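These notes are about the structure you will find just below.
Both counts, for ligands and for their atoms, begin at 1 and track the order of listing. The model shown is predicted, which means the values in this text are computed figures rather than measured ones. Just the heavy atoms: all of them, side chains too, but no hydrogens, waters or symmetry mates, feed the values below.
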Amino acid sequence: MKYKNYTLHNFRDLPQINNLSADEIEAIRVVGNVLPFKANNYVVEQLIDWNNVPNDPIFTLTFPRKEMLSKTHYSKVAKLLQTEEGPRLSQTFQDEINKIRLKLNPNPAGQEYNVPSFEGKKLHGIQHKYRETVLFFPSQGQTCHAYCTFCFRWPQFTGLKDLRFAMKEADLLHRYLLKHKKATDVLFTGGDPLTTKARVLATYIEPLLTKEFDHIQNIRIGSKVLGYWPYRFLTDSDADELLALFEKVNKAGKHLALQTHFNHPAELSTDVVKQAIDRIRNTGTQMRTQSPVMKNINDKPEIWATMWKEQVRLGLIPYYMFVARDTGSKSFFELPLVKAWNIFRKAYCSVSGIARTVRGPSMSCEPGKVQILGVSEVRGEKVFVLRFLQCRNPNLADIPFFAEYNPTATWLDDLKPAFGEKEFFFEKDNLIGKKTEEFNFSWE
Ligand SMILES: *Cc1c(COP(=O)(O)O)cnc(C)c1O
Ligand code: SF4
């Protein structure tokens, strides 16, 4: 199948749009001018149930809806649009839009702290937060086959150029990795790195297969291409070349893992996605899955249980359930932490051990990935029990810690230490204040 995308310029050509009201169509235009909007023929024709719009989960995942902006921002943009003429937006309009974007917390959780300096230069295409794993943002992969309305990487796709993470110098990545022998994993991310040509991807990956890079054991690719465009592995012109690259990595003795993003079981239901998964498995590549838990998309335990069971059946390993980050259209998607935990717990209870490889709900916060282990009571005080799944300081992972129970909290920032303490344990003694490479892991 040939890829065709739909953006603000041409979405009105879709016959399916007739299932929407005039207000809903207007919302696509208004919200879509602030947050990036892109859908494609696969998503529109095979994933969205148009009899169920606007509440259909995949419609909500890809098409802007009015509630995704605050009332104030919405009416402001709607008003500004009335005076815009022709396809080119005026400079005033763009300036106003960028002002709104900057109010939507475009770079959550202090990601800029993860950008390393190397050879006297900031490497804006790399994030190195957890010692073992280096994230790399190939500049050619800073787009996706469709855009998620919840995306926390949305500045990658808008005019906020200064906030983008991207790098095209494969050579710098390789030099960086040679200097960081404690890194065992490289995680290619984006956007979606699988929007790039196989040939380009090979320039980043193939050098890692040589003896010099023995310390790099795992090559990971974070991608939503199976959810948004499985034809990438079937009929795209370089599909075979991409699969051959995967096979080569595995044959070279590395572990190749696709960190695949599936937000809803509907994405696992088509014949093409199943064929694509089969072809990837045949190369020896392991697929692990992750998604945020979000109101209006997947806020029911049954949805998660179905998704994990189906993933296991198809040979994928459930890996992470995230709490959506505080950015963009967060208020439309956000859930109290206690609710997220209950969804996780109920889904977890209803699957066998083989699907309980999944961990969550997890918040990617500035100090690390914090998992909500649950709600408990200690000496009469109701508390959240938490732990780091990942931490800037590798010695702090897996240590339980406690926060005052708060039924409306949606992020770590909303929580206070339990038992009247002033700080969480990791806030003491500068335990995480250093740079990633300065921490020494100790077996003690
Ligand atoms: C999640 C994440 C990783 C990968 O963590 P794993 O637990 O090893 O999958 C690496 N770097 C950053 C910044 C992350 O947020
Ligand atoms: S696929 Fe990932 S990077 Fe792309 S829009 Fe969705 S969440 Fe963002």
Side-chain angles (χ1 to χ4, degrees), residues 5 35-40 43 58 61-64 106-116 126-138 141-158 164-166 183-195 217-229 232 255 257-264 267 286 288-292 294 297 317-325 327-329 333 357-360 362-371 387-392 394 397-398 436:
N5 66 34
L35 298 168
F37 162 56
K38 189 200 306 181
N40 67 53
V43 171
I58 309 296
L61 180 64
T62 46
F63 281 76
N107 234 331
Q111 290 175 82
E112 64 284 358
Y113 295 124
N114 309 335
V115 173
I126 289 181
Q127 286 186 26
H128 193 183
K129 178 170 178 181
Y130 308 128
R131 204 183 30 180
E132 285 74 21
T133 305
V134 173
L135 303 192
F136 183 69
F137 297 72
Q142 299 316 312
T143 182
C144 303
H145 285 90
Y147 291 144
C148 308
T149 42
F150 71 81
C151 181
F152 78 90
R153 290 275 166 74
W154 60 271
Q156 305 284 89
F157 322 127
T158 65
R164 279 183 207 172
F165 298 104
T184 53
D185 294 37
V186 185
L187 202 165
F188 292 89
T189 183
D192 193 328
L194 293 181
T195 54
Q217 294 161 10
N218 308 307
I219 297 177
R220 304 200 239 169
I221 302 174
S223 172
K224 195 167 168 58
V225 77
L226 278 169
Y228 280 161
W229 188 248
R232 179 72 190 88
H255 177 110
L258 291 193
Q259 302 285 150
T260 61
H261 302 190
F262 291 106
N263 308 111
H264 192 276
E267 296 170 273
Q286 183 70 69
R288 290 182 176 75
T289 65
Q290 58 195 49
S291 166
M294 290 167 291
I297 292 189
I317 301 175
Y319 190 68
Y320 273 140
M321 175 202 268
F322 291 121
V323 178
R325 297 194 198 207
T327 180
S329 44
F333 295 116
T357 47
V358 64
R359 289 151 310 148
S362 164
M363 298 172 267
S364 283
C365 308
E366 212 208 296
K369 279 187 169 68
V370 176
Q371 180 184 19
R387 70 161 170 168
F388 282 113
L389 291 168
Q390 289 288 358
C391 186
R392 285 182 195 278
D398 205 35
T436 301

(request) For this output row, return yes or no: ring centroids of Phe63 and Phe37 closer than 6.0 angstrom. (result)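 So the answer is yes for these two rings.
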(request) With Arg359 as the cation and Tyr319 as the aromatic partner, state whether NZ or CZ is under 6.0 Å from the six-membered ring centre and within 45° of the axis. (result)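 Checked: cation-pi criterion met.
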Write down the atom of [X], the atom of [Y], and the distance for their closest heavy-atom approach.
X      : Y      : value
Ile297 : His264 : O-CD2, 3.4 Å
Lys369 : Ser362 : CB-OG, 3.7 Å
Arg131 : Pro394 : NH2-CG, 3.6 Å

(request) Quick one: pull up OG1 in Thr149 and CG in Leu61 and give me the separation to the nearest 0.5 Å. (result)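 Between atom OG1 of Thr149 and atom CG of Leu61 there are 5.5 Å.
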(request) Report, in ascending order of atom number, the atoms of ligand 2 lying under 4.0 Å from any heavy atom of Cys151. (result)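 Checking each atom against Cys151, I get 3 (S), 5 (S), 7 (S), 8 (Fe).
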(request) Please identify which atoms of ligand 2 are closer than 4.0 Å to at least one heavy atom of Lys224. (result)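 That gives atoms 1 (S) of ligand 2.
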(request) Look at the side chain of Gln290 and the backbone N and O of His261, then say whether any donor-acceptor pair between them is shorter than 3.5 Å. (result)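 Judged by distance alone, no pair lies under 3.5 Å.
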(message) I'd like to know if the side chain of Lys224 reaches the main chain of Asp192, judged simply by a donor and an acceptor atom lying under 3.5 Å from each other, with no hydrogens or angles considered.
(response)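 Not a single qualifying donor-acceptor pair exists.
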(message) Counting only heavy atoms and a distance below 4.0 Å, can you name the residues contacting ligand 1?
(response)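 Close residues (ligand 1, cut-off 4.0 Å): Lys129, Tyr130, Thr133, Leu135, Arg220, Tyr319, Tyr320, Lys369, Gln390.
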(message) Which option wins on minimum heavy-atom distance to atom 7 (S) of ligand 2: Pro36, Pro292, Cys148, Ala146?
(response)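 Heavy atom nearest to atom 7 (S) of ligand 2 belongs to Cys148.
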(request) Please work out whether any backbone atom (N, CA, C, O) or any side-chain heavy atom from C-beta onward of Cys144 is under 4.0 Å from ligand 2, and answer side chain, backbone, both or neither. (result)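 Side chain only.
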